[in-house]
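See below for the structure under consideration.
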Amino acid sequence: DAKTTQPPSMDCAEGRAANLPCNHSTISGNEYVYWYRQIHSQGPQYIIHGLKNNETNEMASLIITEDRKSSTLILPHATLRDTAVYYCIVRGSGGGADGLTFGKGTHLIIQP
Amino acid sequence: DAGVIQSPRHEVTEMGQEVTLRCKPISGHDYLFWYRQTMMRGLELLIYFNNNVPIDDSGMPEDRFSAKMPNASFSTLKIQPSEPRDSAVYFCASSLDTTGFTEAFFGQGTRLTVV
C-alpha cells in the first residue's frame with residue numbers, strides 16, 4: 001500500500017470548515033483513499049473513501065486531485081465533537097479486507 | 001447490532017500472568033482483526049481472521065501472543081506470560097467480505113496495564 005503524509009496537528013474554529021490534507025504521491029491506479037478518525041479513548045471510525053472522483057456523505061467530503069497524488073478531507077461545519085486524530089489510508093481494492101495500515105494521522109483540534 | 005464488543009474494557013495484571021482479551025464481532029462479518037495501540041508505535045495490526053481462519057499473523061510480536069477464533073461470534077487474544085511492555089490498548093475490528101470496499105468497525109478497546 002502507498003505511503004501517506006499528513007500534518008501532525010491542525011486547529012480549526014468551531015462552525016468553520018476543517019480541511020485536512022493528505023499526500024499520497026506513490027498511489028497506484030487501483031488504490032483507494034480512506035479516511036478514518038479516532039476520538040479520544042474510542043476505536044477508529046470510518047468516515048469516507050474514494051478512488052478518483054470527489055465523494056460526499058453525511059459526515060464529510062473527500063476531494064481527490066486529478067493526478068490522485070493528494071486529497072483533502074473536508075468537515076463542512078466543524079463541532080467540538082470533531083476533535084480527533086484523522087487518518088488518511090491508501091490501500092488496494094482487492095476482495096476481502098486485509099488490515100488497514102494506520103500512520104500517525106492529523107490531530108485536529110476544534111477551538112470554541 | 002450492538003457493534004463490536006470487547007471485554008474487559010480495562011485489565012490490570014502483574015508481570016508473568018496470563019491475560020485473555022475477548023471480542024465479539026458484528027454478526028455476519030467474515031473478517032476479524034486484532035490491533036494494538038501505543039503512544040510510541042501507534043495502531044499496529046497484529047493478526048486477522050477470515051471465516052474463523054487466521055490469514056496473516058505477521059504482526060504478532062512474539063510467541064507469547066496467540067489468537068484464536070473458535071467460531072464466527074467469538075475471538076480471543078492471549079498473552080502468556082505478560083510483560084510491562086505489553087501495556088497498550090488492544091482493539092478488535094470486524095468487516096464484511098465484499099470486493100472493493102470494506103469498512104472496518106472497531107470495538108471500544110481493552111486497555112491493558114501490566115505492572
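Residue numbers start from 1 in every chain, and the chains themselves are labelled A, B, ... in the order their sequence lines are given, proteins ahead of strands.
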- Item | Side chains of A:Gln38 and B:Gln37 in contact at under 4.5 Å (non-hydrogen atoms) | yes

Does [X] share a hydrophobic cluster with [Y], counting links as ILVMFWY side-chain heavy atoms below 4.5 Å and allowing steps through other members?
{"X": "A:Ile63", "Y": "A:Met59", "result": "no"}
{"X": "A:Leu75", "Y": "A:Trp35", "result": "yes"}
{"X": "B:Tyr90", "Y": "B:Phe49", "result": "yes"}
{"X": "A:Met10", "Y": "A:Tyr86", "result": "yes"}

- Task: Please flag which part of B:Glu44 lies under 4.5 Å from any non-hydrogen atom of chain A: side chain, backbone, both or neither.
- Result: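 Neither the backbone nor the side chain of B:Glu44 comes within 4.5 Å of chain A.
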
- From CA spacing to verdict: side chain to side chain contact (heavy atoms under 4.5 Å, CB included), A:Tyr87, B:Leu43: CA-CA 11 Å; A:Tyr87 298 98; B:Leu43 270 162; 4.2 Å; yes

- Query: If you round to the nearest 0.5 Å, how far is CZ of B:Arg111 from OG of A:Ser41?
  - Reply: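 A:Ser41 atom OG to B:Arg111 atom CZ measures 6.0 Å (nearest 0.5 Å).
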
- How many angstroms lie between atom CG of A:Leu100 and atom CZ of B:Phe106, to the nearest 0.5 angstrom?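 Rounded to the nearest 0.5 Å, the CG-CZ separation comes out at 6.0 Å.
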
- Assess whether atom CD of B:Glu62 is packed by more than 12 heavy atoms of other residues, nucleotides or ligands within 6.0 Å.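 Above 12, so yes.
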
- Message: Does A:Asp67, at its CG atom, have more than 12 non-hydrogen atoms belonging to other residues, nucleotides or ligands within less than 6.0 Å?
- Response: yes

- Task: Look at the side chain of A:Tyr34 and the backbone N and O of B:Glu103, then say whether any donor-acceptor pair between them is shorter than 3.5 Å.
- Result: no

- Are the aromatic rings of A:Tyr46 and B:Phe105 close, with centres under 6.0 Å apart?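 Between A:Tyr46 and B:Phe105, the centre distance exceeds or equals 6.0 Å.
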
